Amino acid sequence: VRRPSRRLTWKIATHVMLAPFLVFALFPFYHMVLTSLKTDRELYDRESVPLLIRQGATLEHYTKLLWDTAFVTWTKNSLLVTALATALSLVIGTIAAYALARLRFFAVGGFGTGIFVTYLVPTSLLFLPLAQVVHWLGLADSKWALVVTYPTFLVPFCTWLLMGYFRTVPKEVEECAMVDGATRIQALTRIVLPIAVPGLVCAALFAFTLSWNEFIYALTFTSSSDQITASVGVTSELIRGDIYFWGSLMAGAVLGSVPIVILYVFFLDYYVSGLTAGALK
Amino acid sequence: VAVGSARVVPIVARAGLRTRVRELLDRERFLGPAFVAPAVLLIALLVAYPFCMALYFALSNAFIGRPSHFIGIQNFVALWDSDAFRQTFQNAFVFTGAAVGLKLVLGMALALLLAQQLWFKRLIRGAVLLPWVIPTALSTLGWWWMFNSLYSVVNWTGISLGLLDPPGPNWLGQKYYAMSAVVAVNVWRGLPFFAITILAGLVSIPRELYEAAEADGAGPVARFWYVTLPLLRPVLAIVVLFSTIFTFSDFNIVYVLTHGGPINSTHLFATLSRQIGLESGRIGEGAAISLYLFPVLAFVVYAQLKFVRKEAY
């Protein structure tokens, strides 16, 4: 029953109040991109305005990063580790979630609780002993150590997320198929999984993001330049002694985020729903 | 006859085996454990077992490349003689308290704003969520540069707006400023999780309740206090519990931004544990430090199981 003009005023006020939050969220990215495009002369000129590029943009930091450092190798390692760990975790998580959400068997509730508790264990609690386990497995200083260890936090996450999705598929649909002669496995692959595709996409996206962003395991289990991931490479190899190459450093931070930003732009709604599902289901 | 039966038997056995496998796969009591087995095996080998190892390390004088001996709880006790550890213990609570508190208050405000009628709704939500999806180690590098002692854009802006006296604080070189900087970056990264989750909770509150409250003469503040807050309580509890555990055990931000410095004033359990356990090689002590995370983890798990799972089942 409000008058339209009052409604419009309120709407404008809301946007004005949102502005500081948006500046807070986006400014670091703006500044990172800006720094990576500035010439060194302007970057280290204390009289210049840090919020703008006045003396011309340059791609020299990017070319230096791509040709003079092993950045391309680090990115390839990140892609390999992330793709394999995501695929592996998705398969293990899907079948475990289906069993925990649908089947009745010995101690099913106990397994469910165990998965949930594991989901809450922070990676920083176990990295020391895991380094030892990695060493015993003969994977010390190898990117394969990451393929093996990342599922420890991805599988609980995927399982937990997918259990929620599988529960929303009506049991009757599956039972109908089984009355018509389908086996359980067929009911899973032909009925339940197609319905749960949004959940699978969501789990895959989050698993990809979580492993791309993982830092402490990658930093602890790998150290050679040909084994490390993009995050570790940029934060450790580009910083030598006390001289920082801020332009290349920011270029590395920008390029290292590109795969996630691409996924993010295409699948924003999945990120929003997965974020709340992870906490609420 | 003997030859004939020898030829027949394997075919029968094979057909029997195939139907038996098919039947087994159809039986929940077999299929269930089979489907859960890979996940359980993985967790047993790479989570439960390392956890036991951490317990053993913490109770021993383990050092990189040397045989270790059982020494009881000496590590846990000896840590209290270390200034670095006592400082870290205090930091962990200051950091977690300040960061989670700020994220809760700001996240609530942001969620309330996002729940209003907006132009470019998708675009705004996308922008708000962005800090949460970008690799933390890399975005923290951006903050590191923003807090640089010579070229800090934070100081430049503050001085230009007349909020700071030139030359402005050396953010990462002074004790309290360094802690504020670390908290600020954690809030920046964690705020989207709070805002988006609380927003989901807000949207699920039935509109009729607000209309009824308005009909009874409740103003916006009263409606927030008596309708929104009580109904959001479960969501808020979950978000705070989740965030507490992951803020308390944070590693990336402190490692990239300050390395725990200046003089241990921003060390958290995870960063100190890495420094002592890996960089100095005293694995036993390092493991004992990370196990100080355990009581908080145990509390959060208990609270989650008690409040959250009750609703799920």
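Side chains are part of it too, since the values below use all heavy atoms of this structure and drop only hydrogens, waters and symmetry mates. Each chain gets a letter, A, B and so on, in the order its sequence line appears, and its residues count up from 1. This structure is a prediction, so every number in the text was calculated from the model and none was measured.
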Using heavy-atom distances under 4.5 Å, tell me whether [X] contacts chain A through its side chain, its backbone, both, or neither.
X        : answer
B:Tyr56  : neither
B:Ile289 : neither
B:Val40  : side chain
B:Leu191 : side chain
B:Ala184 : backbone
B:Ile43  : side chain
B:Leu268 : neither

>> Using ring-ring contact (aromatic ring centres under 6.0 Å, His included), reason through A:Phe245 and B:Trp145 one step at a time and then give a plain yes or no.
In response: CA-CA 11 Å; A:Phe245 301 98; B:Trp145 168 234; over 10 Å; no
>> Between A:Gln132 and B:Met53, does the side-chain contact (heavy atoms from CB on, under 4.5 Å) criterion hold? Intermediate values first, please.
In response: CA-CA 9 Å; A:Gln132 193 74 54; B:Met53 272 174 77; 3.5 Å; yes
> Would A:Tyr119 and B:Phe242 count as a close aromatic pair, with their ring centres under 6.0 Å?
Replying inline: yes
> Under 6.0 Å between ring centres, would you say that holds for B:Trp188 and A:Phe29?
Replying inline: yes
Heavy-atom proximity to chain B below 4.5 Å, by part of [X]:
X        : answer
A:Phe106 : neither
A:Leu43  : both
A:Thr220 : both
A:Ile216 : both
A:Leu51  : side chain
A:Val121 : both
A:Val148 : both
A:Thr118 : side chain

[X] side, atom [atom1]; [Y] side, atom [atom2] - distance, nearest 0.5 Å:
X        : Y        : atom1 : atom2 : value
B:Leu106 : A:Phe21  : CG    : CZ    : 5.0 Å
B:Phe251 : A:Phe127 : CZ    : CZ    : 6.0 Å
A:Ile185 : B:Phe35  : CD1   : CZ    : 4.0 Å
B:Trp143 : A:Met32  : CH2   : CE    : 11.5 Å

> Would you say the side-chain atoms of B:Gln117 and A:Trp10 include a donor-acceptor pair closer than 3.5 Å?
Replying inline: no
>> What I'd like to find out is whether the side chain of B:Tyr255 reaches to under 4.5 Å of the side chain of A:Phe215, using heavy atoms alone.
In response: yes
>> If you define the side chain from C-beta out and look only at heavy atoms, does anything of A:Phe153 sit under 4.5 Å from B:Val47?
In response: no
> In terms of heavy-atom pairs under 4.5 Å, which option from B:Pro192, B:Ser273, B:Pro135 contacts chain A the most?
Replying inline: B:Pro135
>> Run B:Phe246 and A:Thr123 through side-chain contact (heavy atoms from CB on, under 4.5 Å) and show every step you take.
In response: CA-CA 9 Å; B:Phe246 290 109; A:Thr123 48; over 6 Å; no
> Between B:Ile134 and A:Ser257, what is the shortest heavy-atom contact and its length?
Replying inline: CG2-OG, 3.4 Å
> Does A:Tyr44 OH have over 12 foreign heavy atoms under 6.0 Å away?
Replying inline: yes
